[in-house]
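Quick caveat: nothing in here was measured; it's all calculated off a predicted structure.
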Amino acid sequence: MKARLLAAVAALSLALPVQALAWGASGHRMVGEAAMAALPAEVPAFLRQPAAVRDVGELSREEDRSKGAGKVHDHNRDSAHFLDLDDEGKLLGGPPFLPLPATRADYEKALQSAGLDSWKAGYLPYSIIDRRQQLTKDFAYWRVLTYARAHERNRARRAWYAQDLARRQAQILRTIGELSHFVGDGAQPLHVTVHYNGWGDYPNPNGYTTGKIHGPFEGDFVFANVKPADVTKAMSPLDVQDTSLERRTTEYLLKTSALVAPLYDLEKAGGLSDGNAQGVAFTTDRIAAGASELRNLIVIAWKMSATSNVGWPVLKVEDVLAGKADPYDFLYGKD
């Protein structure tokens, strides 16, 4: 019985991608909280409340905390956290990463043509894109509900608007938490490389470690050495000029990918030993990069929601805010 149990545990550990966890509780919490605390005044005020900052910090960890829910759940979700880029910018030696296929189905076809699939290669860029698109939609509903609650004269409808607005605000925090997690994953160099836990079975002229550095780097080292205040100080200025989601996402991940070799150089020089100043600075900058991009994407989603649609059939946000359309049937449902 004991032998069978040990075999089952070993099989389960092999079935789960090593890359499925990025940062740890501390790292993901810092990404979410730092981003929320840095939001500008133009976004809805409820996002800048201390409770919302704390909630997003905790919700940023949920994509990892949900692991182990079941075989189907984990198999569908584990590969959402990483992207296995090789040293030539290809996916596990197969198709090139760029240009990023328009849909995950197209991405899957490209991988399968090389005998691979997105469960092996990871599909992190689509995780980020999906959640940012959802956030734009959430904000669009928030705009319409806020306007409708303020202008509705029917008491019953006004009460429903208020209730649905509260639901939408909770949904927005959850969506931001999910986006935070995947953006945070994308800032961790070991989540965008085939060298995700030691250099592995690849040419290694620089003599990089083949030891399992993934967990100790993103977990123990962060917990012991990275401070929230330092992450906030290391964040870059707000950058919302480029609203092309696919381009932003691929460029963001490629910037992280460029730091894989420097991370291994750092490890080789002892930089991941507790308290090493270079290691602390490198890791702080990576978490700050995740927080900066999350803040940027939240603001972009808010801006783009003003010209988005809600409901079914589709209703333009602009028409509601201009008083040209009554949104109740579109939101509550005609059926």
Side-chain angles (χ1 to χ4, degrees), residues 21-64 128 131-132 135 139 172-192 217-242 248-249 251-253 255-256 258-259 262-263 266 271-272 274-303:
L21 299 176
W23 304 123
S26 299
H28 277 299
R29 185 182 286 116
M30 283 188 277
V31 168
E33 290 188 353
M36 293 293 286
L39 289 173
E42 68 181 280
V43 304
F46 82 91
L47 291 175
R48 292 177 279 111
Q49 297 299 315
V53 174
R54 290 193 298 270
D55 284 347
V56 168
E58 299 310 313
L59 291 168
S60 296
R61 306 186 296 123
E62 196 62 29
E63 293 298 318
D64 284 343
I128 295 172
R131 292 297 82 196
R132 209 313 310 273
L135 183 58
F139 278 145
I172 286 171
L173 294 181
R174 177 170 182 148
T175 302
I176 292 176
E178 293 165 345
L179 178 62
S180 173
H181 187 92
F182 293 123
V183 171
D185 284 351
Q188 214 279 53
L190 299 179
H191 268 249
V192 294
F217 168 60
E218 68 185 16
D220 296 342
F221 187 82
V222 172
F223 180 77
N225 296 282
V226 180
K227 308 303 180 187
D230 293 334
V231 169
T232 297
K233 291 177 183 177
M235 289 176 66
S236 59
L238 182 67
D239 175 13
V240 296
Q241 296 303 310
D242 185 359
R248 279 194 79 109
T249 301
E251 289 180 355
Y252 173 69
L253 295 176
K255 286 179 181 177
T256 302
L259 294 173
L263 173 58
L266 186 66
L272 299 187
D274 198 28
N276 181 278
Q278 288 183 307
V280 173
F282 179 94
T283 312
T284 299
D285 284 345
R286 285 291 81 218
I287 295 177
S292 299
E293 185 62 4
L294 175 60
R295 174 209 54 205
N296 296 342
L297 291 178
I298 294 170
V299 176
I300 291 173
W302 169 248
K303 290 178 179 293

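Nearest heavy-atom pair, Asp285 versus Ala234, reported as atom, atom and distance to 0.1 Å: OD1-CB, 3.6 Å. The two atoms that bring Gly279 and Asn276 nearest to each other are N-OD1, 2.9 Å, heavy atoms only. When all heavy atoms of Ala38 and Met235 are compared, the closest pair comes out as CB-CE, 3.7 Å. Taking every heavy atom of both residues into account, Glu63 and Glu178 meet most closely at OE2-CG, 3.4 Å. Between Ala291 and Ala34 the shortest heavy-atom distance is CB-CB, 3.8 Å. Closest approach of Tyr252 to Ala187, counting heavy atoms only: OH-CB, 3.3 Å.
Between Val299 and Leu238 there is a side-chain heavy-atom pair separated by less than 4.5 Å. Put simply, the side chain of Phe221 reaches to within 4.5 Å of the side chain of Val280, judged on heavy atoms. Residues Glu33 and Val56 fail the side-chain proximity criterion, which asks for heavy atoms closer than 4.5 Å. Residues Arg131 and Leu297 fail the side-chain proximity criterion, which asks for heavy atoms closer than 4.5 Å.
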Legend entry - Residues Leu259, Leu263; criterion side-chain contact (heavy atoms from CB on, under 4.5 Å); working and verdict: CA-CA 6 Å; Leu259 294 173; Leu263 173 58; 5.8 Å; no
Inset, instruction - Applying side-chain contact (heavy atoms from CB on, under 4.5 Å), run through Glu58 and Arg29 and close with a yes or a no. - result: CA-CA 6 Å; Glu58 299 310 313; Arg29 185 182 286 116; 2.8 Å; yes
Inset, instruction - Determine, step by step, whether Phe139 and Val43 satisfy the side-chain contact (heavy atoms from CB on, under 4.5 Å) criterion, reporting the C-alpha distance in whole Å, the side-chain angles of both residues, the deciding distance to 0.1 Å, and the verdict. - result: CA-CA 10 Å; Phe139 278 145; Val43 304; 5.8 Å; no
Inset, instruction - For side-chain contact (heavy atoms from CB on, under 4.5 Å), just list the numbers for Leu190 and Glu218, CA-CA rounded to whole Å, side-chain angles, deciding distance to a tenth of an Å, and then say yes or no. - result: CA-CA 9 Å; Leu190 299 179; Glu218 68 185 16; 5.8 Å; no
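We find the CG-CD1 distance between Leu253 and Ile128 to be 5.0 Å, quoted to the nearest 0.5 Å. Rounding to the nearest 0.5 Å places CD of Glu293 at 9.0 Å from CG of Leu179. We find the CG-CG distance between Leu47 and Asp55 to be 11.0 Å, quoted to the nearest 0.5 Å. In this structure, CG on Asp230 lies 10.5 Å from CD1 on Ile287, to the nearest 0.5 angstrom. The CD atom of Gln278 sits 10.5 Å away from atom CG of Leu272, with the distance rounded to the nearest 0.5 Å. Taking CG from Asn296 and CG from Asp242, the interatomic distance works out to 10.5 Å, rounded to the nearest 0.5 Å.
Between the side chains of Gln188 and Asp185, no donor-acceptor pair of N or O atoms lies under 3.5 Å. Using a 3.5 Å distance cut-off with no hydrogens or angles, the side chains of Arg286 and Thr256 do pair a donor with an acceptor.
A search for side chain to side chain donor-acceptor pair (under 3.5 Å) contacts involving Thr175 returns Asp138, Gln171, not counting sequence neighbours.
Within the 3.5 Å criterion, the main-chain N or O of Ser60 finds a donor-acceptor partner in the side chain of His181. Side-chain N or O atoms of Ser26 include none that pairs as donor or acceptor with a backbone N or O of Val222 at under 3.5 Å. In this structure, Arg132 contributes its side chain and Leu294 its backbone to no donor-acceptor pair below 3.5 Å. Side-chain atoms of Ser180 never come within 3.5 Å of backbone atoms of Ile176 as a donor-acceptor pair (strictly under, hydrogens ignored).
Other residues, nucleotides and ligands place no more than 12 heavy atoms under 6.0 Å from the CZ atom of Phe223. Heavy atoms from other residues, nucleotides or ligands lying under 6.0 Å from CD of Glu42 number more than 12. Counted within 6.0 Å of CZ on Arg174, heavy atoms from surrounding residues, nucleotides or ligands total 12 or fewer; the atom is thus considered open. Atom CD of Glu62 is surrounded by more than 12 heavy atoms from other residues, nucleotides or ligands within 6.0 Å.
Under the 30°/60° scheme for interplanar angles, the aromatic rings of Phe217 and Trp23 are found to be tilted.
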